[in-house]
Number of protein chains: 2
Amino acid sequence: MAQHAGGLPEATISRLPLYHRALLEAAELKELTVSSERIAELTGLNAAKIRKDLSHLGTYGTRGVGYNVEQLMHQIARELGLTEDWAIAIVGFGNLGQALANYKGFLERGFEVVAIFDADPSKEGMSTTGGAVVMPIDQLKAISSRKRIDIAIIATPASSAQEVADLVVAAGITSILNFAPQVLAVPEGVSVRKVDLSIELQILSFYKQRTRMKTAEG
Amino acid sequence: MAQHAGGLPEATISRLPLYHRALLEAAELKELTVSSERIAELTGLNAAKIRKDLSHLGTYGTRGVGYNVEQLMHQIARELGLTEDWAIAIVGFGNLGQALANYKGFLERGFEVVAIFDADPSKEGMSTTGGAVVMPIDQLKAISSRKRIDIAIIATPASSAQEVADLVVAAGITSILNFAPQVLAVPEGVSVRKVDLSIELQILSFYKQRTRMKTAEG
DNA sequence: GGCTGTGAACCACTTCACAGCC
DNA sequence: GGCTGTGAAGTGGTTCACAGCC
């Protein structure tokens with residue numbers, strides 16, 4: 001029930017990329033099958049959780065044997081939409097935007113940077129190793145109507161992030177990866193995921209402080 | 001009970017940086033007090049959750065009024081360890097490492113890049129806007145014994161990330177922010193947080209595909 | 001009347017433990 | 001014997017709903 005009615009648990013979804021990577025690793029090591037225990041080793045997760053997660057996808061394991069690496073990897077790729085290529089646009093060609101635009105790992109994983117936008121006219125025409133050229137931000141809508149853009153990465157300063165997000169949404173793009181620190185307001189139906197380095201660092205500093213207190217006490 | 005015995009729920013901890021940012025915003029707007037409802041607006045979270053989270057810190061609200069912005073912000077900053085400065089080292093001075101090293105937002109939030117390492121000798125001596133200079137990776141241990149390094153950011157290619165992590169741990173650094181795609185093996189007591197762009201993109205593509213299927217059906 | 005702080009109900013996810021299959 | 005798939009139990013987190021204070 002609810003097997004393939006479309007509903008994977010949220011938590012399972014967020015781990016599928018991890019499994020995919022683990023299987024890739026196993027495949028490179030020429031392992032033909034893997035047990036849930038083996039995947040646990042590769043991902044650092046608990047084996048029972050892995051079995052439950054994978055059971056949501058259907059029945060791809062064999063009792064007494066394990067999971068067929070190729071088959072399961074393919075299945076997860078299909079589920080994640082990795083069997084097709086995705087076109088991404090980067091908005092904001094500052095430090096971070098440039099680093100992202102030149103990152104080769106994207107292409108390997110099926111994400112192609114097809115457009116780059118920036119508000120600064122002096123950056124117009126700059127290009128990347130991948131061949132994308134920086135265009136003025138006011139072209140976003142026009143470009144996006146001409147070529148498919150699946151995902152926009154917002155890498156602008158915080159001060160213009162919301163404005164940019166509005167333009168992105170107006171251009172009909174419904175998936176956003178947000179590097180700006182604030183929470184973006186978007187209409188229903190638009191998915192946003194946020195990457196925030198400061199938050200990660202702050203959480204690390206919390207734990208560091210905590211550990212120090214404990215050592216001081218004990 | 002367990003109030004200040006040191007145990008905030010994991011989920012609460014991960015939201016504290018969000019509250020801190022929201023309060024900063026409220027302070028900039030000259031708001032003296034905020035209700036949980038107001039914080040909910042600023043963060044996109046649910047007000048009841050916010051009240052519960054904040055109640056874990058102690059009693060800083062006033063019934064009928066709300067929370068004092070300055071006081072609560074300070075309290076959260078203290079809890080997160082943001083009242084002190086943290087020294088970070090960046091390992092790997094490629095595209096990403098350079099972007100991180102030049103990012104001014106860190107300093108604003110109390111994180112100073114005090115050292116940069118890279119295995120490539122040709123990068124040695126390069127420097128950043130912040131004044132840090134790239135040093136050979138084999139100096140990591142020596143440097144870290146001379147000056148305090150609280151957090152290491154691993155921004156190397158995947159192929160050397162584990163090796164680098166071992167060096168980082170050997171140098172006595174116990175907090176790691178990992179940009180490499182794989183799960184790092186570290187001894188107990190070392191905190192690692194992972195930032196993985198591909199995972200974020202893959203999750204976005206999952207939802208995108210999912211939405212498309214739904215629209216196609218309906 | 002307004003808003004916090006919190007028990008109680010609810011929910012999602014995790015983990016256990018084992019039946020079922022190879 | 002080995003390992004999956006899964007009910008059942010356990011856990012942690014969220015949300016409700018309201019008593020309690022301003």
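Each chain gets a letter, A, B and so on, in the order its sequence line appears, and its residues count up from 1.
- Between B:Ile50 atom CD1 and C:dT6 atom P the separation is 17 Å, expressed in whole Å.
- Listed pair B:Asn46 / D:dT15 meets the phosphate criterion, a side-chain N or O lying under 4.0 Å from OP1 or OP2.
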Candidate pair B:Leu16 and B:Leu57, rule side-chain contact (heavy atoms from CB on, under 4.5 Å), full reasoning: CA-CA 10 Å; B:Leu16 290 182; B:Leu57 301 179; 4.3 Å; yes
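- A:Ser14 contributes no side-chain N or O that, together with a main-chain N or O of B:Ile203, makes up a donor-acceptor pair within less than 3.5 Å.
- Residue B:Arg15 is in sugar-phosphate contact alone, with no base atom involved, counting any heavy-atom pair closer than 4.0 Å across all strands shown.
- In this entry the distance linking CG of B:Asn68 with P of D:dC22 reads 16 Å, nearest Å.
- Scanning for side chain to side chain contact (heavy atoms under 4.5 Å, CB included) contacts around A:Lys104 gives an empty result, with sequence neighbours left out.
- For B:Glu37, the side chain to side chain contact (heavy atoms under 4.5 Å, CB included) partners two or more places apart in sequence, or in a different chain, are B:Ser35, B:Ala40, B:Ala47.
- Distance NZ (B:Lys49) to P (D:dA17): 17 Å, rounded to an integer number of Å.
- Between the side chains of B:Asp53 and B:Tyr19, at least one donor N or O sits under 3.5 Å from an acceptor N or O.
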Carefully, step by step, assess B:Ile149 and B:Val114 under the rule side-chain contact (heavy atoms from CB on, under 4.5 Å). CA-CA 8 Å; B:Ile149 295 178; B:Val114 299; 4.3 Å; yes
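- The CG atom of B:Asp53 sits 13 Å away from the C1' atom of C:dT6 (whole-angstrom rounding).
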Polar-atom pairs under 3.5 Å, protein N or O versus N or O of nucleotides 8-12 of chain D: list them with distances, or write none.
{"residue": "D:dA8", "atom": "N6", "partner": "A:Lys52", "partner atom": "NZ", "Å": "3.3"}

Dot-bracket for DNA chain C, please. Rules: Watson-Crick or G-U, both distances under 3.5 Å, ( ) within the strand, [ ] when a pair crosses earlier ones, | for another strand, . otherwise. ||||||||||||||||||||||
Between the protein and nucleotides 2-4 of chain D, which nitrogen or oxygen pairs are less than 3.5 angstrom apart?
{"residue": "D:dG2", "atom": "N2", "partner": "A:Gly64", "partner atom": "N", "Å": "3.2"}
{"residue": "D:dC3", "atom": "O4'", "partner": "A:Gly64", "partner atom": "N", "Å": "3.1"}
{"residue": "D:dC3", "atom": "O2", "partner": "A:Gly64", "partner atom": "N", "Å": "3.2"}
{"residue": "D:dT4", "atom": "OP1", "partner": "A:Ser36", "partner atom": "N", "Å": "2.7"}
{"residue": "D:dT4", "atom": "OP2", "partner": "A:Ser36", "partner atom": "OG", "Å": "2.8"}
{"residue": "D:dT4", "atom": "O2", "partner": "A:Arg63", "partner atom": "NH1", "Å": "3.2"}

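- For the segment residues 182-190 of chain A, no residue has any heavy atom less than 4.0 angstrom from an atom of DNA chain C.
- Residues satisfying the side-chain hydrogen bond (donor to acceptor under 3.5 Å, both in side chains) criterion with B:Thr128, sequence neighbours excluded, are absent altogether.
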Show every donor-acceptor pair shorter than 3.5 Å between a side-chain atom in residues 165-184 of chain B and any protein atom, with sequence neighbours excluded, or say none if there are none.
{"residue": "B:Asp166", "atom": "OD1", "partner": "B:Gln162", "partner atom": "NE2", "Å": "2.9"}
{"residue": "B:Thr174", "atom": "OG1", "partner": "A:Lys208", "partner atom": "NZ", "Å": "2.9"}
{"residue": "B:Asn178", "atom": "OD1", "partner": "B:Ala180", "partner atom": "N", "Å": "2.8"}
{"residue": "B:Asn178", "atom": "ND2", "partner": "B:Ala180", "partner atom": "O", "Å": "3.3"}
{"residue": "B:Asn178", "atom": "ND2", "partner": "B:Gln182", "partner atom": "O", "Å": "3.1"}
{"residue": "B:Gln182", "atom": "NE2", "partner": "B:Ala158", "partner atom": "O", "Å": "2.9"}

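- Residues satisfying the salt bridge (charged side-chain N to carboxylate O under 4.0 Å, His left out) test with A:Arg148, not counting sequence neighbours, are A:Asp150.
- At a threshold of 4.5 Å between non-hydrogen side-chain atoms, the residues B:Gln75 and B:Gln71 do not count as touching.
- Rounded to whole Å, atom C1' of D:dG5 lies 14 Å from atom CG of A:Leu72.
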Using distance only, find each side-chain donor-acceptor pair of residues 81-97 of chain B under 3.5 Å and give its atom names and separation, not counting sequence neighbours.
{"residue": "B:Glu84", "atom": "OE1", "partner": "A:Arg212", "partner atom": "NH2", "Å": "3.4"}
{"residue": "B:Glu84", "atom": "OE2", "partner": "A:Arg212", "partner atom": "NH2", "Å": "2.8"}
{"residue": "B:Trp86", "atom": "NE1", "partner": "B:Gly81", "partner atom": "O", "Å": "2.7"}

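- Residues passing the side chain to side chain contact (heavy atoms under 4.5 Å, CB included) test with A:Leu18 are A:Leu45, B:Lys194, B:Ile199, sequence neighbours excluded.
- With sequence neighbours excluded, the residues forming a side chain to side chain contact (heavy atoms under 4.5 Å, CB included) with B:Glu31 are B:Ala26, B:Leu29, B:Val34, B:Arg38, listed by chain and number.
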